[in-house]
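Step one of this worksheet: look at the structure below.
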Amino acid sequence: SRALPAGTRQKEEGGIQLTQKYLENYYGFKKDGESFIWKSNSPMTKKIKEMQEFFGLEVTGKVDSGTLDLVQKRRCGFPDVAG
Amino acid sequence: FTTFAGEPKWAKQVLTYRILNYTPDLRPVDVNASIKKALSVWSSVTPLKFIKKDRGDADIMISFAARAHNDFMPFDGPGGSIAHAYAPGKDFGGDAHFDEDETWTKSTEGTNLFYVAAHEFGHSLGLFHSKDSNALMYPVYRKFDPSVFPLHQDDINGIQYLYGPSNTHNDQRESTEIKDPTESKEPTLPNTCDPSLTFDAVTTFRGEIMFFKDKHFWRKHPAVQTADFNLISSFWPRLPPGVDAAYEIPEKDKTVIFKGNEFWVVRGDTILPGYPQKIHTLGFSKDITKIDAAFYNGNEGKTYYFIADKFLSYDKRSQSMDRKPILISNEFPGINGKIDAVFQHENFFYFFCGRKQFEFDPDKKRVTRLLKTNFWFPC
C-alpha cells in the first residue's frame with residue numbers, strides 16, 4: 001500500500017485524537033489500554049457511530065470530514081449521552 | 001427533546017438565581033440583562049418565575065471560570081466546550097458555568113451570552129440535549145438570528161412536559177377572548193390590533209415590555225411573538241387601574257408605577273413595603289399633581305418625568321432634580337406636546353402620543369421612525 005506522506009498521517013492522527021477526546025468528553029468513551037483496533041466493532045468505532053447518529057451524520061464509524069468538522073465546533077460542555 | 005435520567009425537575013415555580021461573578025468581556029448591566037432575558041425565555045412558556053438574588057444561596061448559581069473550576073468538568077480553553085450546567089437539585093444542581101476563555105458578547109460576533117445562557121438554563125431546569133438541529137437544546141453552538149425567539153417547538157414540548165404551560169398564558173387565552181360586544185355585559189377588552197389603541201403607560205420589566213391600559217396590561221418579550229395579557233390586580237392587587245406612568249430601574253430590579261399624586265415601587269409581583277408615597281417626595285413642587293409618563297435612562301443614570309408638554313429629569317449621580325420644567329421638544333426634537341407613555345429599548349426611546357409612536361435616537365437627537373402604537377404586537 002502507498003505509504004501516506006508524513007504530513008497527511010500526522011493530520012489524520014490529530015483528527016483521531018481530537019475525535020477520541022470528544023467521545024471521552026461527551027459520549028462516555030473510555031479508551032482501554034489496548035491501542036486502537038480498527039475493527040468495525042471496536043469500542044471507538046461504536047462510539048463514533050453513536051455520535052454520528054445523534055448528529056444526523058452519515059453513520060460510517062470513521063473519522064470522515066463531516067465528523068472532523070463537527071468535533072471542532074463550539075458546543076455545550078454537557079455530554080450528549082446520560083453519564 | 002430528552003430529560004435527564006430520572007427526570008429531575010424543580011418542585012417549586014419561583015426559582016432564585018445569583019450571578020456570582022462577571023466576565024470582563026461585557027458591562028455588568030449587559031450580563032444582568034442577558035441572563036435575565038435568557039431566563040425569561042423559559043418563564044414565557046411555563047409557570048416558572050425567576051427572582052434575582054445578590055447574596056446568599058440561590059437555586060441557580062451563575063459563574064464565569066476558565067479551565068478547572070471546582071467541579072469535575074474543567075473547561076478547555078477557547079472554543080470547544082463553552083459552558084455547562086447541572087440538572088435541578090441541591091448544591092451544584094441547577095448551577096451554570098461559563099468558560100471565561102470564550103469572548104462573551106451581546107451580538108452575533110464572538111459567543112453570544114444570552115443564547116448560550118438560554119441553552120444552559122434549559123439544563124438547569126431539567127432538559128438534556130436534543131437531536132433536533134433547530135432546537136435551542138441542540139448541543140452545538142450556531143449562528144442565530146437575534147430577532148427570532150430562540151425556543152423551537154421541540155424545546156417548548158420538553159419544558160412543558162416537565163412544568164406545564166404558562167398559566168398566565170392560559171388566563172390570557174381566557175381573558176382575551178374577544179366576545180361579541182352585543183352578548184357580553186362586560187365592556188369589551190382592549191384589542192392590541194385596534195389602530196386607535198392608546199396606552200396609559202409603558203415600561204420595560206425584567207427583559208420584557210409592559211403596556212398598561214385601563215385595568216389590564218400586556219407583557220411582551222421583544223423576541224417573542226405572543227403577549228401575555230393580565231389584569232393589573234392579578235399581579236398587584238393593591239394597585240389601582242388606569243396607571244399614569246411607569247419606569248424600571250433594571251439594575252435594582254425595581255419598577256416605579258404612578259397614579260395621580262402617588263407612586264408605588266414593585267419588585268416582580270411584590271409591592272415593596274411603605275408604598276404608595278406622594279410624588280412630591282421625589283422632589284416635585286406641590287403644583288405638580290400627576291405624571292403623564294416617565295422612563296429611566298440607564299446609560300446616563302437619569303430619570304425623566306413628563307408633565308404636559310414639559311419634563312423634569314433627576315440625575316442620580318448628582319442626586320439633583322431640574323429646578324424648573326423643560327419643554328419636551330427642546331430636549332427631544334420632534335416630540336411635541338403631551339405624551340401618554342415612553343420607554344427605552346436598546347438605544348432608542350419610544351414615545352407614545354395618542355395613536356402614534358415615535359422612535360427617538362438620543363445620539364442623533366431626532367425621531368428616526370414614526371410607528372403605530374401596536375408596532376410591538378403581532379398584528
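Not measured: the values here are computed from a predicted model. Every chain is numbered from 1, with letters handed out A, B, ... down the list of sequences.
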Original post:
Roughly how far, to the nearest 0.5 Å, is the NZ atom of B/Lys131 from the CG atom of A/Asp80?
Top reply: 10.0 Å

Subject >> Over 12 foreign heavy atoms within 6.0 Å of NZ, B/Lys90 >> reply: no

Original post:
Will you find, in the side chains of B/Thr111 and A/Arg74, an N or O donor that is under 3.5 Å from an N or O acceptor?
Top reply: yes

Subject >> Any side-chain heavy-atom pair of A/Pro79 and B/Met73 under 4.5 Å >> reply: yes

Subject >> Side-chain (B/His119) to main-chain (A/Cys76) donor-acceptor, under 3.5 angstrom >> reply: no

Original post:
Roughly how far, to the nearest 0.5 Å, is the CZ atom of B/Arg142 from the CZ atom of A/Arg75?
Top reply: 11.5 Å

Subject >> Winner by heavy-atom pair count (cut-off under 4.5 Å) against chain A, out of B/Gly80, B/Ser133, B/Gly79 >> reply: B/Gly80

Original post:
Crowded around B/Lys53 NZ? As in, over 12 foreign heavy atoms under 6.0 Å?
Top reply: yes

Original post:
Side chain, backbone, both or neither: which part of B/Phe75 has a non-hydrogen atom closer than 4.5 Å to chain A?
Top reply: neither

Donor-acceptor pairs under 3.5 Å, side chain of residues 33-41 of chain B to any protein atom, not counting sequence neighbours: which ones?
unit_1  : atom_1 : unit_2   : atom_2 : d
B/Ser34 : OG     : B/Asp30  : O      : 2.9
B/Ser40 : OG     : B/Lys37  : O      : 2.7
B/Ser40 : OG     : B/His221 : NE2    : 3.4

Subject >> B/Phe144 atom CZ, over 12 foreign heavy atoms within 6.0 Å >> reply: yes

Original post:
In terms of heavy-atom pairs under 4.5 Å, which option from B/Ala5, B/Ala85, B/Pro78 contacts chain A the most?
Top reply: B/Ala85

Original post:
Looking only at heavy atoms, what is the nearest atom pair of A/Gly77 and B/Ser81, with distance?
Top reply: CA-OG, 3.2 Å

Subject >> B/His123/A/Phe78 aromatic ring centres below 6.0 Å >> reply: yes

**OP:** Mind listing the closest non-hydrogen atom pair of B/Val140 and A/Tyr22 along with its distance?
**Re:** CG2-OH, 4.5 Å

Original post:
Atom CZ of A/Phe54 and atom OG of B/Ser130: how far apart are they, to the nearest 0.5 Å?
Top reply: 6.5 Å

Subject >> More than 12 heavy atoms of other groups within 6.0 Å of B/Asn70 CG >> reply: no

